[in-house]
There are 2 protein chains.
Amino acid sequence: MHHEKSRHLSPSLLRLRQAGYKLTEARVVVLNAIEQLGGHVTSAQVLERVSALAPNIGRASVFRTLDLLTRLGIVRPTYIDSSATPRYVLMRDGHHHHIICTSCNKTIEFEDCGLDAIAKTLEERLNVKLTGHLLEFFGVCATCQASIPLHKEERNNP
Amino acid sequence: MHHEKSRHLSPSLLRLRQAGYKLTEARVVVLNAIEQLGGHVTSAQVLERVSALAPNIGRASVFRTLDLLTRLGIVRPTYIDSSATPRYVLMRDGHHHHIICTSCNKTIEFEDCGLDAIAKTLEERLNVKLTGHLLEFFGVCATCQASIPLHKEERNNP
DNA sequence: CGTTTATTGATACTTCGTATTAAATTTTGT
DNA sequence: ACAAAATTTAATACGAAGTATCAATAAACG
Ligand SMILES: [Mn+2]
Ligand SMILES: [Mn+2]
Ligand SMILES: [Zn+2]
Ligand SMILES: [Zn+2]
């Protein structure tokens, strides 16, 4: 990470630097890993990919970086299936929206959210400064609706 | 949990039973714990409260129940501060909305969300059946805006 | 009641994330 | 380009959160 030109930095790296954090190899590689993997990624996936890209990077640094990225709103942890470990998802321009199928745990991303109006209202009403949001819908995807009921809750309703 | 009358059941317990699950002591007590605690609660808090209410209930049952409640959409895990363990929040009628202050991690709940329109659109466009949603805004609360900048990102911007 | 079946409690275990600290890197200023 | 100052890191050992297992129990339902 020696003497790199700032015009070649990804938006995320730029934000990191503008927030006053050093642009270290660990941070750059973690971000690369997340971007390469795409979508919702677990820390385990990030760890694996990072050590493929740069085996020297320590496990603690990966967790530290995930934490930092979260605090800066670059990334957001989300709970998809079991009560286990979170999935991290890149926040594009402060926005992220998806639907989680409660039957198969598939996530469906979508782009449009009419949230700017509400955001503005909240900012005025509560005196807060909003920088991003996560919107999750829960429900049953088309495939799962079509398939034979697999789940007890559906079995018992004839 | 013997022979209880269904008219005295909380909405959550009703949902549990209508989904075909047995109304066990562990489940009832975990739900009581969550409702007593209120707001965003960690599994540790639930464990503690549960063992105060009914010391015989095993730790695994608490986690199993949190899992089940999540799958049924009665409760939703949310990530507030560190990258550690999730906080569970009760979904009231399928809705939950809050603002998380990225500076002090305080959460501000709010009621109104104009999401029914978008929900309907998505249902039609994607053929999904939606049952609930979580909406989180990120930003800086009034108090933190007023206070002297504590964070590096602010220190470095004169 | 008694039968059927889901669920539990106890415990041992795995795994994820963290604390610690000396060493290495990044930044900045000359 | 270089060195000083400050942050960040890698390595490792550690702790705590959640899980697998399974015999024992309790809910549901007639
Ligand atoms: Mn949006
Ligand atoms: Mn809502
Ligand atoms: Zn599905
Ligand atoms: Zn705040």
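Only heavy atoms go into these numbers, but all of them, side chains included; no hydrogens, no water, no symmetry mates. In what follows, chains carry the letters A, B, and so on, assigned in the order in which the sequence lines appear, proteins first and then strands, with residues in each chain numbered from 1. Keep in mind it's a predicted model, so treat the numbers as computed, not measured.
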**Request:** Supply the atom-to-atom distance Y21(A) OH to T65(A) OG1, rounded to the nearest 0.5 angstrom.
**Result:** 11.5 Å
**Item:** Parallel, tilted or perpendicular: rings of H40(A) and H96(A) (30°, 60°)
**Value:** perpendicular
**Item:** Under-4.0 Å side-chain N/O to phosphate OP1/OP2 contact, T24(A) with dT26(C)
**Value:** no
**Request:** Provide, to the nearest angstrom, the distance between the CG atom belonging to D67(A) and the P atom belonging to dT18(C).
**Result:** 6 Å
**Item:** Proximity to the side chain of A60(B) - top-ranked nucleotide from dG18(D), dT11(C), dA10(D)
**Value:** dT11(C)
**Fill in**
From CG of L23(B) across to P of dA26(D) the rounded distance in Å is 16 Å
**Pair of N/O donor and acceptor under 3.5 Å linking dG17(C) base with R59(A) side chain** = yes
**Side chain E136(B), main chain I99(B), donor-acceptor under 3.5 Å** = no
**Request:** Report yes if at least one side-chain N or O of S61(A) is closer than 4.0 Å to OP1 or OP2 of dT8(D); otherwise report no.
**Result:** no
**Asked** For R27(A) and dT8(D), is the shortest distance between a side-chain N/O and OP1 or OP2 below 4.0 Å?
**Response** yes
**Asked** Separation of Q45(B) atom CD from dG18(D) atom P, in whole Å?
**Response** 12 Å
**Complete:** note: K22(A), atom NZ; dA6(D), atom P; distance rounded to Å ~ 10 Å
**Request:** State whether S43(A) places a side-chain N or O below 4.0 Å from either non-bridging phosphate oxygen (OP1 or OP2) of dC16(C).
**Result:** no
**Fill in**
When rounded to whole Å, the CZ to P distance for the pair F63(A) and dA19(C) reads 13 Å
**Request:** Using whole Å, report how far CG of L13(A) lies from P of dT27(C).
**Result:** 11 Å
**Message:** If I take atom CZ in residue R64(B) and atom P in nucleotide dT8(C), what distance separates them, rounded to the nearest angstrom?
**Reply:** 6 Å
**Asked** For the pair made of CD1 in I57(A) and C1' in dA24(C), what is the distance, rounded to whole Å?
**Response** 13 Å
**Asked** Has N56(A) got more than 12 heavy atoms of other residues, nucleotides or ligands less than 6.0 Å from its CG?
**Response** yes
**Prompt:** Parallel, tilted or perpendicular: which describes the rings of H133(B) and F137(A), with under 30° parallel and over 60° perpendicular?
**Reply:** perpendicular
**Item:** OP1 or OP2 of dT15(C) under 4.0 Å from side-chain N/O of T85(A)
**Value:** no
**Message:** What's the gap between dG18(D) and dA19(C) when it is taken at their P atoms, as a whole Å value?
**Reply:** 16 Å
